[in-house]
Amino acid sequence: MNTQNYWLMKSEPDVFGIEDLKNAPKQTTMWEGVRNYEARNFMRDKMKIGDGVLFYHSNVTPPAIVGTAIISSNSYPDPSQFDSESEYADPKSTEEKPRWYLVNVTFKSRFKRAITREELQSHPILSEMMLFKRNRLSITPVSEEEWNSIHKILEE
DNA sequence: GCCAACGTTGGC
DNA sequence: GCCAACGTTGGC
């Protein structure tokens, strides 16, 4: 059964931007540090290898979708939760009962031009994205129609 | 840098 | 189990 999904994943470019992903070993990173249950559930329960990702730069001017990536692993416990040195350490989490999960994300493309949040908001289809309904959620599902609209815009 | 939105924590 | 206090996200 084909269950290709699409996602939008936010990252602050000052912390880890799409160039960092492009330059990473194997152009792949662990999407560590997500500490929100809803976002975790998407990674843990819904993401599949091969799913498409819209890579979104947050907390910058202007916020924008800047490229794409691919989900490249199944979910597994986020190692940083067990690392007391890490800012993502969670003392309430144990190896037997991990609280936080992540997936690997692999670079796919950098757009020739960023598609800004403002541009998305002015688009009849893309203005309905969950991104705008759940403003603070760092991972949101993207419909196939939305995914196709993004790529259509890029061809113009 | 401000602050609204909203998720989490913890006292009761 | 409620909810006030608190902390964080992220657009602006």
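Every chain is numbered from 1 and lettered A, B, ... according to where its sequence line falls, protein lines coming before strand lines.
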Task: Length of the CG-C1' vector between A/Asp14 and C/dT9, whole Å - done: 14 Å
Open item on the list: Of the listed nucleotides (C/dG7, C/dG11, B/dG10), which one gets closest to any side-chain atom of A/Lys92?
Closed with: B/dG10
- [ ] Could you tell me the separation between the CZ atom of A/Phe132 and the C1' atom of C/dC12, rounded to a whole number of Å?
- [x] 14 Å
Open item on the list: Just to be sure I understand the rule, does A/Asn59 reach a base, reach only the sugar-phosphate, or reach nothing, if contact means heavy atoms closer than 4.0 Å?
Closed with: base
Open item on the list: Is there a side-chain contact between A/Arg117 and the phosphate of C/dG11, meaning an N or O under 4.0 Å from OP1 or OP2?
Closed with: yes
Task: Path from A/Ile65 to A/Leu21 over hydrophobic side-chain contacts below 4.5 Å - done: no
Task: Separation of atom CZ in A/Phe16 from atom C1' in C/dT9, rounded to whole Å - done: 20 Å
- [ ] Can you tell me the distance, in whole Å, between the CZ atom of A/Arg136 and the P atom of C/dG7?
- [x] 14 Å
Task: Phosphate OP1/OP2 of C/dT9 contacted by A/Tyr56 side-chain N/O (<4.0 Å) - done: no
Open item on the list: Could you check whether A/Arg113 pairs with A/Glu119 (Lys NZ or Arg NE/NH1/NH2 to Asp/Glu carboxylate O, under 4.0 Å)?
Closed with: yes
Task: Minimum-distance nucleotide to A/Ser138 side chain [options: C/dG10, B/dC6, C/dG11] - done: C/dG10
Open item on the list: What is the distance, to the nearest angstrom, from the NZ atom on A/Lys133 to the P atom on C/dT9?
Closed with: 24 Å
- [ ] Taking only Lys NZ, Arg NE, NH1 and NH2, and the carboxylate oxygens of Asp or Glu, determine whether A/Arg35 and A/Asp78 approach each other closer than 4.0 Å.
- [x] yes
Task: Below 4.0 Å: OP1/OP2 of C/dT9 and any side-chain N or O of A/Lys10 - done: no
Task: Touch class at under 4.0 angstrom, heavy-atom based, for A/Arg35 against every strand present - done: nothing
- [ ] Please determine, for the side chain of A/Ser58, which listed nucleotide (C/dG10, C/dT8, C/dC12) has the closest atom?
- [x] C/dG10
TODO: Look at the rings of A/Trp31 and A/Phe16 and say which category their plane angle falls in: under 30° parallel, 30 to 60° tilted, over 60° perpendicular.
DONE: perpendicular
- [ ] Write down the distance between CE (A/Met9) and P (C/dT9), rounded to a whole number of angstrom.
- [x] 15 Å
Open item on the list: Using whole Å, what does the distance between atom C1' of nucleotide C/dG11 and atom CZ of A/Arg134 come to?
Closed with: 16 Å
Task: Atom-to-atom span, CG of A/Asn41 to P of B/dG7 - whole angstrom - done: 13 Å
Task: Heavy-atom donor-acceptor pair, A/Lys133 side chain to A/Glu128 backbone, under 3.5 Å - done: yes
